[in-house]
Amino acid sequence: MHRSLRFALLATVFSVGGLVSATAADLFSPPPATPVAPSAQEDWYLTIGGAGQLEPKYPGSDDYTVRPGLIFSISKASQLNVFRSVDDNPSIALFDTGTFRVGAVGRLDWGRNASDADTLTGLGDIGVSVEAGGFAEWYVTPWLRTRAELRYGVGGFEGVRGLLGADVIVPYGQWRFAVGPRLTYGGSGYMETYFGVTPVQSAVATAFGNPLPVYSAGAGFDLVGATAQLTYNFRNGFEAGVYGTYGHLLGDASSSPLTNDANQFMAGLSLSYTFNIGKAWW
C-alpha cells in the first residue's frame, strides 16, 4: 500500500466519522436528557441507504478496494434521535426500553479471491458468507452508547463472529460526531478459513511457487481499533456522513503467514433516507 494512501486513511480515521441511520424530517435534535421509552401506539420509521467504503481486499491484506455497504434499520418515532454507528450492521430491535435494545442483526462477508495477493496463490477462493445473529445495546448516558453483536456465518466460512464497541456522542445542531473503541472476535471456523493454512493448502501453494508453512489459527479476539464518524442531518429525511476506522490484528490473525499488514483501515461516505411506514402490523 502506498505511503500517501496510508497517510490519507489515517487522517480520515482521526478527523471524521461515518453515517448513522437517518432521522425523519424536522425530528433531528441532540439526544434527549432523559431517554424516551417507546409506545405501542407510535409510528414506525424505516431507514435505508448505502455507502461506498475503501477497505482491505481481505482480512490482513495490504491492498485496498472499494465496496458497497447497506444501511437498514427500523425504529419507532421516539427512537429516531437514537445514535446508530456506521458499523452497526443491518438490524431490527425486537425489545426496546429507550435505553436498552435487543434484536436481530445480519451481515454479508464478501469472502476472498486467491488472485487478491501473491501470498494467496494456491489457496483457492473463499465465497461470500451470510452472517445472522443478535445484538444488544445500552445507552449508559445520552452521550455514551455500548453495543455487542454475536453472529453466525455460513457460506465461505462457518463459525461465530462477534463485535464489542462503545461510542462517545457529541451533537451540535444538525451535526453529530462520535468516536469510540472496537473489539472483534472470530470463532475457530472463521479464523481457520481466513488465517489458517492446512497441510493440503501448504502443499498446493508450494507446488505453485508460493511456499507456505502449515498454520493453525484458533478462536479469539482478532482485531482491536477505533471508529470516528461525522454526520449531517438535512432535516428532510436525508442524512449524509463521512467516517474512518483503524484496526490492528491480534493474536493468530496477526501472526498468520497470510497477513501482509496487521494495520487495517477503512474510510467511506454514506447517504440514507428515513420515512414513515405507519403503525406496526405485528
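As the structure is a prediction and not an experimental result, all values here were calculated from the model.
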Inset, instruction - Kindly say whether Gly156 contributes a backbone atom to a donor-acceptor pair with the side chain of Ser129 at under 3.5 angstrom? - result: yes

Legend entry - His248 backbone acceptor or donor facing Gln264 side chain under 3.5 Å: no

Legend entry - Short side-chain to backbone donor-acceptor contact, Tyr139 and Phe83, under 3.5 Å: yes

Inset, instruction - Look only at the side chain of Ser256 and the backbone of Asp252, and say whether a donor-acceptor pair between them is shorter than 3.5 Å. - result: no

Inset, instruction - Check whether any side-chain heavy atom of Leu150 sits under 4.5 Å from a side-chain heavy atom of Glu131, and report yes or no. - result: no

Inset, instruction - Take Leu46 and Trp44 through the test side-chain contact (heavy atoms from CB on, under 4.5 Å) and record every step on the way to the result. - result: CA-CA 7 Å; Leu46 172 64; Trp44 288 76; over 6 Å; no

Inset, instruction - Evaluate the side-chain contact (heavy atoms from CB on, under 4.5 Å) criterion for residues Ile92 and Phe72: first the C-alpha distance (whole Å), next the side-chain angles of each, then the deciding distance (0.1 Å), finally the verdict. - result: CA-CA 9 Å; Ile92 300 176; Phe72 176 89; 4.0 Å; yes

Inset, instruction - Decide whether Val105 and Trp138 are clustered together by the hydrophobic rule: side chain heavy atoms of Ile, Leu, Val, Met, Phe, Trp, Tyr closer than 4.5 Å, transitively. - result: no

Legend entry - Contact check, side chains of Ser255 and Tyr215, non-hydrogen atoms, under 4.5 Å: yes

Inset, instruction - Any chance you could pull the hydrophobic cluster mates of Leu223, using side-chain heavy atoms under 4.5 angstrom and chaining through other members? - result: Ile126, Phe157, Tyr190, Met191, Tyr194, Phe195, Leu249

Legend entry - Side chains of Arg151 and Asn89 in contact at under 4.5 Å (non-hydrogen atoms): yes

Inset, instruction - For the pair Arg145 and Asp88, evaluate salt bridge (Lys or Arg N to Asp or Glu O under 4.0 Å) and give the outcome as yes or no after the intermediate values. - result: CA-CA 12 Å; Arg145 185 201 73 156; Asp88 292 352; 2.6 Å; yes

Legend entry - Heavy-atom neighbours of Phe100 CZ exceed 12 at 6.0 Å: yes

Legend entry - Sidechain-backbone polar pair: Ser202 side chain, Leu212 backbone, donor-acceptor under 3.5 Å: yes

Inset, instruction - List the steps, then state whether side-chain contact (heavy atoms from CB on, under 4.5 Å) holds for Glu137 with Ser91. - result: CA-CA 12 Å; Glu137 59 185 31; Ser91 58; over 6 Å; no

Legend entry - ILVMFWY network linking Tyr273 to Leu271, side-chain heavy atoms under 4.5 angstrom: yes

Inset, instruction - Establish, from distance only, whether the side-chain atoms of Glu239 and Asn233 form a donor-acceptor pair under 3.5 Å. - result: yes

Inset, instruction - Indicate if Leu163 and Leu183 have the same hydrophobic cluster label, given that clusters are the connected sets of ILVMFWY residues with side-chain heavy-atom separations under 4.5 angstrom. - result: no

Legend entry - side chain to side chain donor-acceptor pair (under 3.5 Å) pairs, two or more places apart, involving residues 110-127: Thr119-Asn260

Legend entry - pair Phe275-Ile48: side-chain heavy atoms closer than 4.5 Å: yes

Inset, instruction - Verify, without hydrogens or angle tests, whether Asp167 (side chain) and Ile169 (backbone) share a donor-acceptor contact under 3.5 angstrom. - result: no

Legend entry - From CA spacing to verdict: side-chain contact (heavy atoms from CB on, under 4.5 Å), Val168, Leu144: CA-CA 5 Å; Val168 174; Leu144 177 61; 4.3 Å; yes

Inset, instruction - Group every Ile, Leu, Val, Met, Phe, Trp and Tyr by side-chain heavy-atom contacts under 4.5 Å, then state whether Leu258 and Phe208 land in the same group. - result: no

Legend entry - salt bridge (Lys or Arg N to Asp or Glu O under 4.0 Å) between Arg161 and Asp222, worked out: CA-CA 10 Å; Arg161 292 288 284 145; Asp222 62 310; 3.4 Å; yes

Inset, instruction - Look at the aromatic rings of Phe265 and Tyr246 and report parallel, tilted or perpendicular, splitting at 30° and 60°. - result: tilted

Legend entry - Hydrophobic cluster membership, Val128 vs Val66, 4.5 Å side-chain cutoff: no

Legend entry - Smallest separation among heavy atoms of Tyr58 and Ala117, with atom names: OH-CB, 3.4 Å

Inset, instruction - With the side chain counted from C-beta on, respond yes when Leu108 and Leu70 share a heavy-atom pair under 4.5 Å apart, and no when they do not. - result: no

Legend entry - Main-chain N/O of Ala253 paired to Thr259 side chain as donor or acceptor, under 3.5 Å: yes

